[in-house]
Structure formats: structure tokens, C-alpha cells
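All figures in this text were calculated on a predicted structure; none of them were measured in a lab.
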Amino acid sequence: MDKAFPSGLAVGIFDHLDEDGPDIARQYEDRLMLAEACDHLGFYAYHLAEHHCTPHGRGPSPNLFLSSVAQRTRRLRVGPLVMLLALYHPLRAFEEICMLDQLSGGRLELGIGRGSLPIELGYFGIGSDAAPNHYAEASEILINALKGGTLSYQGRHFELNSVPLTLRTHQRPHPPTWIATNRPESAGWAAANGMNIACVGPSSSVRRITDAFRAGREHTSEADDQAPFLGLLRMVVIGRSETDARSLAAPAYERWLKSFKFLYDLNGMPTPPNLPLTFDAAIEKELCVVGTAASAGQALLDQLEAAGANYLLCQPAFGNLSLDASLYTATAIQSAIMARVG
């Protein structure tokens with residue numbers, strides 16, 4: 001018997017926009033077509049990662065790409081997950097955020113972070129020692145800027161003196177904010193600051209993070225009527241049969257893994273210890289969910305329940321998956337999960 005569907009479950013799309021071949025323009029158009037389809041299917045949001053100088057991400061300016069997504073969709077919300085604030089002057093980041101929220105008619109979901117790979121920041125002259133403080137100052141300034149008025153700040157990296165903020169976001173008081181985290185202490189901070197979270201990892205590990213988030217939310221006066229999202233990220237491939245799904249997913253994962261490892265291999269660095277180095281390991285560690293609509297749909301629901309998550313971040317496009325394969329997966333998720341939930 002199927003388990004009961006979680007109340008308030010929403011489903012969104014996550015994308016690395018990792019390299020799938022030599023034709024960059026064609027890949028951008030394919031993703032825009034996928035976003036259009038997800039808009040029609042009723043997905044909640046399209047979240048785009050930010051990476052630099054690597055085939056792991058062809059969206060180094062996520063807000064630029066997302067402005068195109070916003071113009072091709074009507075209901076689908078959009079947002080960077082995450083915007084690498086250490087690489088932005090916070091005033092410039094604020095202005096971009098205002099523009100994207102206005103251009104999308106108030107559909108921005110704002111993810112902020114400092115990034116997971118220091119070498120990417122290093123290419124821009126941001127050393128690993130300076131990055132945490134740089135991010136801390138930039139995020140503090142950005143959060144203050146979203147309140148409007150004039151902006152003043154004195155810090156180690158930034159100095160702002162009575163800057164007039166002539167732009168504002170469409171959503172008031174500001175767009176929903178997100179962080180990506182695999183640490184319970186960060187989840188508690190996010191809860192205390194009214195943020196949503198996105199997590200990746202085995203459900204049992206993610207459960208520690210969502211439990212910490214709920215505990216932090218119970219002890220804050222910032223909680224509002226809008227229930228926060230506790231997101232669980234999964235790479236998903238659904239086929240007409242189990243064999244079909246695996247035949248698509250296995251080479252796509254190997255292609256994605258090669259892109260992920262590019263900067264690590266180039267710089268002689270070890271890959272993260274939790275990175276599955278084979279397709280079978282990715283299935284075992286719950287990074288990938290592969291199967292038919294029935295089997296994959298139930299596996300996703302089981303993992304959501306075990307993780308204590310209420311937002312499924314599906315990644316239906318990665319590696320060398322064709323647009324048709326990604327569209328099939330998205331449509332199957334809609335029928336297997338979304339249509340039955342709401």
C-alpha cells in the first residue's frame with residue numbers, strides 16, 4: 001500500500017546546467033523548453049546553480065539565464081541556488097535581485113551562499129581565507145538593502161555611505177530566501193532568519209538537518225504564517241521500464257560526474273568524500289532515483305518522508321540526457337506525485 005502523501009508537498013526543478021555537448025546555445029534553448037514544460041505541468045520553481053570556469057555549470061550568471069526563463073513562463077518561480085555572494089559587490093547583487101523579481105512579476109526565490117569549491121572563487125581573486133568573511137559582509141549588506149531606504153555599512157571588505165536605494169523588489173517585504181546546507185547548525189540559523197533550506201544526501205543524514213531546522217524554528221519569533229520549505233535534492237530519471245531508465249541514467253551520471261570532477265582533477269584535489277564515484281553508488285547513496293513512474297515515484301515519497309522534507313528538488317536534466325528524456329521524467333513526476341498530492 002502506498003504511504004500517504006505528505007501534506008503541503010511541493011515539487012521544483014534544480015539544475016546545474018552542466019555541459020551536455022559542444023552546442024551551448026542549443027543547450028540553453030533546451031533548458032528554456034524544459035522550463036516552459038515544467039511551468040505547464042505545475043512545478044513550483046526552477047532553481048539554478050552558479051558555477052564558474054567548469055563544465056559543471058554553464059550558468060555562471062544565473063540571474064541572466066533566469067530572466068529568460070521568467071519571460072518564457074507564467075507561474076513557475078525562479079531563483080539562483082545559490083548566488084555566490086562572495087563574487088558580487090552586494091549593491092550590485094541587490095540591484096540584480098530587484099530587477100529579476102520585477103521582471104518575473106514577483107516570482108523570485110533567492111538562494112544565497114558562498115560556494116562549495118574555493119578554487120572557483122580563487123579564479124576571481126577571492127582567497128579561501130577571505131571568502132567566509134567576504135560572504136558574511138555581503139549577505140549582511142544584502143539583507144539590510146532588501147529593507148529599503150538608504151544603505152550605510154563599514155566593514156573590512158565593503159564601505160557604503162548613505163547609498164540611495166532607488167530600486168525595490170516586487171515582493172514585499174522581500175523575496176523568499178534560501179540556503180543550501182548539509183550542516184544542522186546552518187539549518188538552525190536559517191530557521192531563525194526565516195529562510196528555506198535545500199539539502200542533498202541520504203535521507204537519514206538530511207533528517208538531522210530538517211530536525212535542527214524545526215527545532216530552530218520553534219525557538220524564534222520570526223516564524224510567519226508561510227510554512228518554510230525543507231528541500232530534498234534528487235537526480236531523477238524515469239523511463240518506460242526499469243531497464244530503459246537505467247540505460248539512460250547510467251551514462252548521464254558518468255557524464256555529470258566527469259564535469260563535477262573537472263576542477264578537482266585539474267588542480268590535483270581530492271573529490272568530496274560523500275561524492276558517489278559510480279552510478280550504482282549514486283543509487284545506493286540516494287543521490288539518484290531511477291525507475292518507472294510507479295517505482296521512482298514511490299521511492300521519492302519514501303525518501304521525502306524519511307528525510308522530513310516537504311519540497312522535492314528534482315534534477316531531471318543532467319549529463320547527456322536528451323531533452324525528450326528530461327521531458328518524459330518531468331511529465332512522469334507530475335502524474336506520479338504532483339497530480340496525486342494536489
Side-chain angles (χ1 to χ4, degrees), residues 10-21 23-52 54-73 76-84 100 104 107-113 115-117 120 178-180 196 198-200 229 231-238 248-249 252-253 255-260 262 282 287-289 300 311-334:
V11 184
I13 299 295
F14 175 78
D15 196 2
H16 282 117
L17 201 51
D18 51 300
E19 180 180 301
D20 72 350
D23 193 337
I24 300 172
R26 191 269 313 150
Q27 183 174 6
Y28 287 160
E29 179 59 27
D30 281 356
R31 285 302 204 277
L32 291 171
M33 292 174 67
L34 177 62
E36 285 182 299
C38 290
D39 185 38
H40 292 306
L41 289 168
F43 283 80
Y44 182 78
Y46 175 87
H47 305 265
L48 180 61
E50 178 179 344
H51 287 287
H52 297 271
T54 171
H56 188 51
R58 279 180 164 172
S61 181
N63 293 336
L64 183 61
F65 186 78
L66 293 169
S67 67
S68 291
V69 174
Q71 298 308 301
R72 298 274 287 260
T73 56
L76 187 72
R77 298 180 67 81
V78 297
L81 193 64
V82 294
M83 192 175 180
L84 303 185
L100 183 54
S104 65
R107 288 185 280 148
L108 175 61
E109 298 281 321
L110 174 60
I112 59 173
S116 59
L117 187 54
E120 291 186 36
W178 292 73
I179 64 166
N196 306 286
C199 309
V200 63
F229 284 125
L232 180 70
L233 172 62
R234 292 293 184 259
M235 304 167 81
V236 184
V237 178
I238 296 177
L248 292 169
Y253 183 77
R255 177 66 172 268
W256 176 89
L257 182 65
K258 182 180 179 181
S259 293
F260 184 102
F262 173 80
L287 177 59
C288 290
V289 175
L300 289 166
Y311 186 55
L312 176 59
L313 277 161
C314 297
Q315 189 172 353
F318 60 90
N320 58 359
L321 287 169
S322 68
L323 174 61
D324 285 344
S326 298
L327 289 170
Y328 187 89
T329 293
T331 302
I333 290 169
Q334 195 280 333

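In plain terms, the two heavy atoms of Leu81 and Ala198 that are nearest each other are CD2-CB, 3.9 Å. Shortest non-hydrogen contact noted between Gly79 and Leu66 is C-CD1, 3.3 Å. When all heavy atoms of Val237 and Leu248 are compared, the pair lying nearest together is CG1-CB, 4.1 Å. When all heavy atoms are compared, the tightest approach of Gly57 to Pro60 is O-CD, 4.3 Å. Between Leu321 and Ser326, the closest heavy-atom pair is CB-OG, 4.1 Å. Between Asn320 and Asp20, the shortest heavy-atom distance links the atoms CA-CB, 4.4 Å.
Taking 4.5 Å as the limit, every side-chain heavy atom of Met33 sits out of range of all side-chain heavy atoms of Leu327. Contact of the Leu313 side chain with the His47 side chain is registered, since non-hydrogen atoms from C-beta on lie closer than 4.5 Å. Residues Phe43 and Arg77 fail the side-chain proximity criterion, which asks for heavy atoms closer than 4.5 Å. Residues Tyr28 and Leu17 meet the side-chain proximity criterion, which asks for heavy atoms closer than 4.5 Å. By the 4.5 Å heavy-atom criterion applied to side chains, Pro316 and Ile13 are counted as neighbours. Side-chain contact between Glu36 and Val69: absent, with no pair of heavy atoms (C-beta onward) separated by less than 4.5 Å. Residues Phe318 and His16 fail the side-chain proximity criterion, which asks for heavy atoms closer than 4.5 Å. In this structure, Pro80 and Glu50 have side chains that are not in contact, with every pair of non-hydrogen atoms separated by 4.5 Å or more.
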Legend entry - From CA spacing to verdict: salt bridge (Lys or Arg N to Asp or Glu O under 4.0 Å), Asp18, Arg255: CA-CA 9 Å; Asp18 51 300; Arg255 177 66 172 268; over 6 Å; no
Legend entry - side-chain hydrogen bond (donor to acceptor under 3.5 Å, both in side chains) between Gln27 and Arg58, intermediate numbers included: CA-CA 9 Å; Gln27 183 174 6; Arg58 279 180 164 172; 2.6 Å; yes
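Rounded to the nearest 0.5 angstrom, Ser104 OG and Asn63 CG are separated by 10.0 Å. Atom-to-atom distance recorded for Asp30:CG and Asp324:CG is 9.0 Å, nearest 0.5 angstrom. The CG atom of Leu233 lies 8.5 Å from the CG atom of Leu312; values are rounded to the nearest 0.5 Å. The distance from the CG atom of Leu48 to the CZ atom of Phe65 is 6.5 Å, given to the nearest 0.5 Å. Rounded to the nearest 0.5 Å, atoms CD1 (Ile179) and CG (Leu110) are 12.0 Å apart. One finds the CE atom of Met235 at 12.0 Å from the SG atom of Cys314 (value rounded to the nearest 0.5 Å).
Checking side-chain atoms of Thr329 against main-chain N and O of Ile238 turns up a donor-acceptor pair under 3.5 Å. A donor-acceptor pair under 3.5 Å links the side-chain atoms of Arg107 to the main chain of Leu76, judged by distance alone. Of the possible polar contacts, one joining the Asn196 side chain to the Phe229 backbone as a donor-acceptor pair under 3.5 Å is found.
Salt bridge status for Glu29 with Arg72: present, with a side-chain N to carboxylate O gap under 4.0 Å.
Ring centers of Phe14 and Tyr46: at least 6.0 Å apart, outside the cut-off.
For Glu120, the side chain to side chain donor-acceptor pair (under 3.5 Å) partners two or more places apart in sequence, or in a different chain, are His51.
Note on ring orientation: taking the six-membered ring where Trp is involved, the planes of His56 and Trp256 are perpendicular (angle over 60°, cut-offs 30° and 60°).
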